[in-house]
Amino acid sequence: MADAMLALYGLAASRGYAIGRAVVLGAAALEVSHYRIAPEDTDAECERLAEAVSVARDDFLRLADNLPPDSPREISALLHVHAMLLADPMLAQEPLNLIRERHYNAEWALTAQGQQLGEQFAAMSDEYFRERSSDVRHVIERVLQVLAGAPEIAPADQAHGTGESLIVVAHDISPADMVKLRGAKFAAFATDLGGATSHTAIVARSMGVAAVVGLTNVCTLARDGDTLVVDGETGTVLINPSQGILAEYLERQAWFAAERASLALIKDTPSVTLDGIKITLQANIEWPEEAASALAAGAEGIGLFRSEFLFMNRHGLPDEEEQYQAYASVVRAMEGRPVTIRTLDIGADKTLDDEATVATNPALGERAVRYCLARPDMFATQLRAILRASAHGTVRILLPMIAHMHEVRACLAAIDSARAELDTRGQSYAEHIEIGAMVEIPAIAIAIEPFAEALDFLSIGTNDLIQYTLAIDRADPGVARLYDPLHPAVLRLIANTINAGTRTGKPVSVCGEMAGEVSLTRLLLGLGLTSFSMHPQQLLDVKREILRAHTNALRTKVAAVLNRAEPIDPKTL
Ligand code: PEP
Ligand code: MG
């Protein structure tokens, strides 16, 4: 008799539908055998473990050295962290002591020590160290695989050659697994852990395949070879669905594929509304490598390069040369299209690894431009790197978290000093560079005029603007239901900023998540927005909505409802 269908609900991390066979990865740590060895076998058992640890460490280093050129930079850093963990006496020595003193077998000694270490990390108050507990789990899984006779991390596409769609099911996906999975032809991912920014979500989106994360127990409930449906639209995973449901999903899959194919047709279509208004569509990127996805989606430029990702997951700051190379690679890749580089926005939920102190209220603390102005040398290094990159194309500098005019003046002075230093050195930079500010603090959105006058452009960061307007921590799931982009106060702040841009002749764009939310495109057009920047994956969906819109009609409708007390229902527009 066929197994009954199980439905699991998680978080939709990457769009699309997949139907295929489950390939359940990992969970090796739960399955190891536990036995005591004879005292005379102690040395041999220690040697077996030491050898496996060394093979696993070499594997991580080899993987780090042979990363595909388009791999996110954080992967190399994490692979080095994994190799370092295996060199640490806590993992390289302590399990050997357990073998010698308690006569545990190698697998038992390793997992016992790993569990203790993992718990210690997990209990730490610093988020960076807490995250290391999953790294400990990943490296132990790898050593266990070596002990079990898997000699090296094999590329997944060599492991399967049947042509059948395969769906990766895993508790969590380590960076090392991520590297091998990127090159393979998996149809989808389903994991127990993870959020929208987990490694799984990142790989899946960059591969353009469906993914559902945060399923809690898919790894236990799905068995190798089960038929799975991964619904990346609703965040559902079905295990062994009936023929009827499979048929329905086949239809949805075909519909989705047809829709993506038809969207690809508008890649080069100018984004102009029915009443002839040109709308600029740009891309948000976190890593230089993503410039390629921006171009593939037809982006007219980079509207937001979150430079802080170059500074994270590492010890020490990137120096001027490293930053320059990263910025210049994006500028060159974009071939003259504008590249908006946001200066370091560190603080709040994004902390540097070497800084353990957390302010009482970090979102309101020394974040972004406040952080940079308090560290003039660090800021100057970044500004020189950005200016040097401007010699290769069109660069715009975007200042985050601006609330005061004195901050604008201080930043402009810092940019002038950076120019002067480059002049002294004889290094070139573009003569004219536009400088703009993020509008993400209500204060600037309300008192916007002097900022619009002093700067060349404005970019509305709705993610933070909503957080600070509604006093809702954007990362706190407990209050997520109150995080409302449609709140009239938020919309009025956006409208106020756009109107100031029109009055002063300065371009205004939205680069927060609202810009890529297709259900809000008509509303933003109705507010008068003519420039959007979003994740490349969302760009063509938004463009299609623009091609179907009549801006003037939308402006009349939105003006009529903007001052209502209740949120606007965007579906009525
Ligand atoms: C924003 O706040 O909307 C924004 C784009 O910046 P970040 O999400 O990086 O804070
Ligand atoms: Mg922000």
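Ligands are counted one by one from 1 in listed order, and the atoms in each one are counted from 1 as well. Computed from heavy atoms alone, side chains included, the values below leave out hydrogens, waters and symmetry copies.
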(message) To the nearest 0.5 Å, what is the distance between CD on Glu545 and OG on Ser271?
(response) 13.5 Å

(message) Under 4.0 Å, heavy-atom basis, I'd like to know which part of Leu304 is in contact with ligand 1: side chain, backbone, both or neither.
(response) side chain

(message) Between Cys511 and Met438, is there a side-chain heavy-atom distance shorter than 4.5 Å?
(response) yes

(request) Provide the number and element of each atom of ligand 1 under 4.0 Å from a heavy atom of Asp464. (result) 1 (C), 2 (O), 3 (O), 10 (O)

(message) What I want to find out is whether Arg137 reaches Asp172 closely enough, with some N-O distance under 4.0 Å, to be called a salt bridge.
(response) yes

(message) Between ligand 1 and Met534, can you find any atom pair, the residue atom being a heavy atom, that is separated by under 4.0 Å?
(response) no

(request) Enumerate the atoms of ligand 1 whose separation from the nearest heavy atom of Arg306 is less than 4.0 angstrom. (result) 4 (C), 5 (C), 6 (O), 7 (P), 8 (O), 9 (O)

(request) Determine, step by step, whether Glu320 and Arg388 satisfy the salt bridge (Lys or Arg N to Asp or Glu O under 4.0 Å) criterion, reporting the C-alpha distance in whole Å, the side-chain angles of both residues, the deciding distance to 0.1 Å, and the verdict. (result) CA-CA 10 Å; Glu320 181 182 322; Arg388 284 173 57 195; 2.8 Å; yes

(request) Apply the side chain to side chain contact (heavy atoms under 4.5 Å, CB included) test between Leu398 and each candidate in Leu304, Ile435, Ile341; give the one that qualifies. (result) Leu304

(request) Just jot down the ligand 1 atoms closer than 4.0 angstrom to any heavy atom of Arg367, in number order. (result) 10 (O)

(message) Yes or no: does Met438 have any heavy atom under 4.0 Å from an atom of ligand 1?
(response) yes

(message) How wide is the angle at the Mg ion (ligand 2) spanned by Asp464 OD2 and Glu440 OE1, rounded to 10 degrees?
(response) 100°

(message) Using a 4.0 Å cutoff against the non-hydrogen atoms of Gly512, which atoms of ligand 1 qualify?
(response) 3 (O), 5 (C)

(message) At less than 4.0 angstrom from any non-hydrogen atom of Gly461, what atoms of ligand 1 do you find?
(response) 1 (C), 2 (O), 3 (O)

(message) If you take the nearest heavy atom of each of Gln467, Glu286, Arg342, which one is closest to atom 6 (O) of ligand 1?
(response) Arg342

(request) Could you tell me whether Glu421 and Arg384 make a salt bridge, using a distance below 4.0 angstrom between a side-chain N and a carboxylate O? (result) no

(message) Whether Arg375 and Glu366 form a salt bridge (side-chain N of Lys/Arg under 4.0 Å from carboxylate O of Asp/Glu) is what I want to check.
(response) yes

